[in-house]
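Working notes for the structure below.
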There are 2 protein chains.
Amino acid sequence: MLVAALELIDQNGVEGFSVRDLARKLGVFPTAVYWYVESRNALISGAVSHVMKDIRLPKADGNWQEELRGLFRRYRLAVRRHPNVAVVLGAQLVSNESPDPAFIDAILALLEAAGFKDGGLVHAYNVVIAAMVGFVTMEMASRPADDPQGWADAHESHMQSVSAADHPALARHLPRLMKKAFIVRSSSGIEHPLDTSFEAWVRVCLHGLTVLLPAADAAKSKGAVDAKSR
Amino acid sequence: MLVAALELIDQNGVEGFSVRDLARKLGVFPTAVYWYVESRNALISGAVSHVMKDIRLPKADGNWQEELRGLFRRYRLAVRRHPNVAVVLGAQLVSNESPDPAFIDAILALLEAAGFKDGGLVHAYNVVIAAMVGFVTMEMASRPADDPQGWADAHESHMQSVSAADHPALARHLPRLMKKAFIVRSSSGIEHPLDTSFEAWVRVCLHGLTVLLPAADAAKSKGAVDAKSR
DNA sequence: ACCTGAACACCGTTCAAGT
DNA sequence: ACCTGAACACCGTTCAAGT
């Protein structure tokens with residue numbers, strides 16, 4: 001049943017998913033669904049959390065940065081298989097019901113082993129979750145359901161016509177940005193994956209995380225001016 | 001009209017927003033709305049992009065990291081005023097119609113001045129957008145609309161009952177995580193803002209971004225093993 | 001235990017008609 | 001130009017009734 005729901009979401013998006021469609025697909029009266037599930041939202045939650053189920057968790061031994069990199073990649077691949085789910089998964093992350101404690105535990109154990117402590121550990125944890133989910137949610141965001149092709153065409157010509165006088169930097173880099181940059185692109189990450197930018201994102205987040213390690217404070221007090229300022 | 005729509009979204013969420021409610025609020029027949037706007041989605045887009053309108057853009061002169069930090073903070077404050085909009089704003093970012101070119105241009109100019117070049121510039125741009133939007137979208141994500149209080153209670157007791165044997169790291173840090181950590185928390189960022197984690201996030205992203213600077217490659221080629229490795 | 005069937009209170013959107 | 005009014009094809013969800 002949740003599998004059937006997920007298939008429908010893959011076809012029509014979360015917005016376009018209806019209990020009555022699901023009932024039709026299952027060859028049953030719409031109201032029969034309510035014997036198994038409390039509401040449409042619960043159904044969506046269930047289907048969505050199915051996507052997270054098979055993601056292998058990181059191990060606390062080994063290089064913590066490589067473990068996280070692997071986790072981020074696996075999360076992205078899992079979402080790529082059900083891109084319509086990205087929004088809900090990102091916004092609610094295991095929206096309803098049991099948000100697998102093993103998942104949380106694995107990340108905490110990994111970060112602890114890496115040397116994060118106390119408040120820094122909590123921050124590192126939040127950074128990891130946001131990093132894992134943030135980029136992919138944006139990458140997979142789909143264009144307006146109303147008239148995708150019409151929107152894409154209008155958007156593209158709108159972008160092509162930016163004035164070099166008013167927006168020189170944008171005009172200068174436009175060719176490079178058309179299919180590869182958020183906001184500028186007129187397609188979604190399903191049609192045009194942002195592979196290299198994703199890898200850059202992971203690199204940025206993993207490198208940046210070291211700033212939350214206790215050791216970072218010591219290094220900094222040697223007088224280096226860096227992002228910690230202010 | 002878009003203002004009235006935004007007020008309704010603030011009250012009932014995007015999901016709960018209806019054209020007929022809006023018409024009621026404006027003292028007009030539901031169908032009259034369609035003289036001004038093409039569809040419910042266009043209405044939501046318009047209302048949502050209103051939230052982005054007043055955000056001050058960064059300047060290309062001055063410290064690029066401080067400029068970005070300011071932008072991230074302003075974005076967050078703008079979304080905090082209309083938290084229900086976070087999901088749509090995050091997923092679609094200026095979902096329909098003109099995605100203000102000045103905004104894109106300002107970020108590109110800033111990154112160029114900071115020394116990002118070619119492909120690294122595109123990556124840095126994508127990282128900046130994802131960083132700005134990612135954390136805040138997650139932070140403001142609201143709990144299931146069905147029965148928020150019931151969900152929160154169930155979630156909290158579910159979390160309280162994690163087995164220390166099965167999930168030692170989680171159990172050990174639970175008190176610290178309850179109101180401050182993604183997934184674990186049972187409230188949203190509106191009730192319990194994640195201020196310090198947000199600042200940590202910004203620090204991580206800004207520090208991490210330096211890894212995409214051309215200078216970073218030079219420094220790296222001296223033999224340091226770091227996050228660039230695969 | 002599991003499903004049907006009827007019913008309720010909603011939707012977004014169209015189109016012709018009014019002014 | 002701007003709005004009404006009727007109508008269409010949908011919704012999610014309830015509750016009693018069937019088996």
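Labels below follow one simple rule: chain letters A, B, ... track the order of the sequence lines, proteins then strands, and each chain is numbered from 1.
Across all strands shown, dA9(D) forms no Watson-Crick or G-U wobble pair with both key distances under 3.5 Å. The partner of dA16(D), taking Watson-Crick or G-U wobble pairs whose two distances both stay under 3.5 Å, is dT4(C).
Using a 4.0 Å heavy-atom distance criterion, Arg20(B) is classed as a base contact. Residue-level contact check: Ser39(B) touches the backbone only, with heavy atoms under 4.0 Å from sugar-phosphate atoms and none from bases.
Rounded to whole angstrom, the span from the CD atom of Glu15(A) across to the P atom of dG12(D) amounts to 12 Å. Following rounding to the nearest Å, Tyr34(B) (OH) and dG5(D) (P) show an atom-to-atom distance of 18 Å. For Ile44(A) and dC11(D), the CD1 to C1' distance is 13 Å, given to the nearest whole Å. As a whole-Å value, the separation of Leu26(B) CG from dC3(D) C1' is 13 Å. Rounded to whole Å, the distance from CZ on Arg24(A) to P on dC10(D) is 8 Å.
Closest to the side chain of Trp35(A), out of dC11(C), dC3(D), dC3(C), is dC3(C). The nucleotide whose nearest atom lies closest to any side-chain atom of Phe29(A) is, among dC11(C), dC3(C), dG5(C), dG5(C). The side chain of Arg40(B) sits closest to dG12(C) out of dG12(D), dG12(C), dT4(D).
At distances below 3.5 Å, not a single donor-acceptor pair connects side-chain atoms of Arg203(B) with backbone N or O atoms of Leu212(A). At distances below 3.5 Å, at least one donor-acceptor pair connects side-chain atoms of Gln65(A) with backbone N or O atoms of Leu206(A).
Side-chain N/O atoms of Tyr36(A) include one lying less than 4.0 angstrom from OP1 or OP2 on dC3(C).
Salt bridge annotation for Asp195(A)-Arg76(A): present, with a cationic side-chain nitrogen under 4.0 angstrom from a carboxylate oxygen.
If you check distances only, the side chain of Thr31(B) does reach the base of dG5(D) with a donor-acceptor pair under 3.5 Å.
Look at the P atom in both dA9(C) and dA9(D): the space between them is 22 Å, to the nearest Å.
You'll find the side chain of Val127(B) stays beyond 4.5 Å of the side chain of Ser197(A), heavy atoms only.
Taking the six-membered ring for Trp, Phe182(B) and Phe135(B) have ring centres closer than 6.0 Å.
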